[in-house]
There are 2 protein chains.
Amino acid sequence: MQRKFRSPRSDDSRGVASPFLDRISDFTVRRLSSYCRILRNLETNSASTVSSAKLAELCGVTSAQVRKDLSYFGNFGTRGLGYQVSELKTAIEKIMGLHRQWSVALFGAGSLGHALFFHEGFREDGFYFRHVFEVDPLKVGKKWQDVEIRPIEEAESRLKRIPVDIAVVATPSESAQEIVDLVVGLGVKAIMNFAPRKLNVPDNVGLRNVNLAVALESLSFFLSN
Amino acid sequence: MQRKFRSPRSDDSRGVASPFLDRISDFTVRRLSSYCRILRNLETNSASTVSSAKLAELCGVTSAQVRKDLSYFGNFGTRGLGYQVSELKTAIEKIMGLHRQWSVALFGAGSLGHALFFHEGFREDGFYFRHVFEVDPLKVGKKWQDVEIRPIEEAESRLKRIPVDIAVVATPSESAQEIVDLVVGLGVKAIMNFAPRKLNVPDNVGLRNVNLAVALESLSFFLSN
DNA sequence: TAGATTGTTAATCGATTAACAATC
DNA sequence: TAGATTGTTAATCGATTAACAATC
């Protein structure tokens, strides 16, 4: 149904079990994102505990689903009482890698690139844009916050000097594969792609495609049928 | 596993069978989008026929999947020969509702709203923004192409005068439900939501959530494990 | 203790795939 | 005709859910 992600064998000293030998589906990962967001809200509203039923309701899933998802990673609750909000939030952030910072390079400084760069949620989650690369000479040289837009030709040398964990591709489809090949060659292991085309990456590189048209087309289908 | 969409009973005079009594999963709809895009490319490159195996390869799925997806809607191929590219493209566009125009209202004229408004792919697919509504008085009055940004208070009267098929919500999370209630009350039957929160809509309204953070968080999980 | 809720197993549901008769 | 490829059925795979013993 979907490609699964196999977690490498690595133990963890701070109470979060690693799901080695097990496989976590992307469905589960996406729900963990959602649980995390809700738990942050609950924490803001000073809730101290939450049951799987309550969390499920707030996320629009079943309570069995919540418990099942969490069970891949450890025992976070107390029978009869539920989960400590802050504790569970911290645990999920750690599982998701949201307890640390990630360096990101943005390719494409068009309106989509602009929106991504200034999207506040990313920074709050620990994702920091270190580079912006663009072909349009009219945009090169401009500064977005403390990052100067540089020509794509400088990507290699700059990424060697200041490496990143993640590359975000917000360029026209034609240049996407080229950029991916470049950053993969430079050791980048994770790519978020907005270009609506199939990209080839090695097995050990994570690729997530975001296609803005799909949601609208799905609504168009819904309205038509 | 997911909510299914039940197609209403309605026959079609132009050769595309309607899948009444059947249910089409959102997985299938998303793949139809993908087939459509590839077929458009093939048509541009003057390919006249394509097999399910070739189409599958270009989309990154199996040939059985392609044939299965298409089989929900009719018989589009010729045994031994494959599919006519233009014919199949036209058929899928019709199934998806991409053979006509859709009117869209945009809520939120921030950088995300800006990116969506100027996203070329939408217009090419037949989605036209008729309205842009925004609370920030500094933005109200500006013109994006031929559309003037108007205050959110005018949404009701303007949408009554010039109705839309789809509302796109690109506002902060806090105002999203309010906007949804408003447009649902005005008869809008399809909503694309970028606010990272659960929205309540009646059963007969289509809602698609796009969460930009999820793809990055999923990569953060990938890199961490 | 009685009530509540977890963690987990087994059952169910539904999506994908293999296989092949039909047929160009 | 022989080769190719569809449309469809049945088998498989995997995600979700119901149910309940464990236990706070």
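The figures that follow rest on heavy atoms only: side chains count, while hydrogens, waters and symmetry mates do not. These numbers were taken from a predicted model, which means no experiment stands behind them. So you know, we letter chains A, B, ... as the sequences are listed, proteins then strands, and number each from 1.
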Counting only side-chain nitrogens and oxygens, does A/Ser52 get under 4.0 Å of the OP1 or OP2 atom of C/dT6?
yes
Both A/Thr78 and A/Asp69 contact DNA chain D. Taking the nearest nucleotide for each, which residue is further toward the 5' end?
A/Asp69
Can you tell me the Watson-Crick or wobble partner of D/dA19, both distances under 3.5 angstrom?
C/dT8
Whole angstrom is fine here: how far is it from OH in A/Tyr83 over to P in C/dA4?
17 Å
Among D/dT5, D/dT17, C/dT16, find the nucleotide with the atom closest to the side chain of B/Lys68.
C/dT16
Now, which nucleotide makes the Watson-Crick or G-U wobble pair with D/dC13, with each of the two distances under 3.5 Å?
C/dG14
How long is the line joining CD of B/Gln65 and C1' of D/dC13, in whole Å?
13 Å
Quick one about A/Arg37 and A/Ser33 (side-chain donor to acceptor, distance below 3.5 Å, no hydrogens or angles considered), yes or no?
no
Within this structure, what is the CG-to-P distance between A/Asp26 and D/dG14, rounded to whole angstrom?
15 Å
Decide whether a cation-pi geometry holds between A/Arg123 and A/Phe117; the criteria are a distance under 6.0 Å from NZ or CZ to the six-membered ring centre and an angle within 45° of the ring axis.
yes
Should the pair A/Arg197-A/Glu174 be classified as a salt bridge under the 4.0 Å nitrogen-to-oxygen rule?
no
Short N-O contact, B/Arg100 and B/Asp125, less than 4.0 angstrom
no
A/Arg40/A/Glu93 salt bridge by N-O under 4.0 Å criterion:
yes
Paired nucleotide for D/dC24 [Watson-Crick or G-U wobble; both distances under 3.5 Å]:
C/dG3
I want to confirm an ordering. Mapping A/Val50 and B/Gly80 to their closest nucleotides on DNA chain C, which one lands closer to the 5' end?
A/Val50
What is the separation between atom CD1 on A/Ile24 and atom P on D/dA15, rounded to the nearest whole Å?
10 Å
Whole-Å distance, A/Tyr72 OH to C/dT6 P, equals 17 Å
A/Phe27 CZ - C/dT16 P separation (whole Å):
8 Å
Rounded to the Å, how far apart are A/Leu81 CG and C/dG7 C1'?
14 Å
May I ask you to verify whether the side chain of A/Arg79 and the base of C/dT5 hold a donor-acceptor pair under 3.5 Å?
no
Nearest nucleotide by nearest heavy atom, which residue falls closer to the 5' end of DNA chain D, A/Arg31 or A/Arg67?
A/Arg31
Counting side-chain heavy atoms from CB outward, which of C/dA18, D/dA15, C/dG7 is closest to A/Ser25?
D/dA15
What is the distance from CD of B/Gln84 to C1' of D/dT5, rounded to the nearest Å?
14 Å
Among C/dT17, D/dG7, D/dT5, which nucleotide has an atom closest to any side-chain atom of B/Ser51?
D/dT5
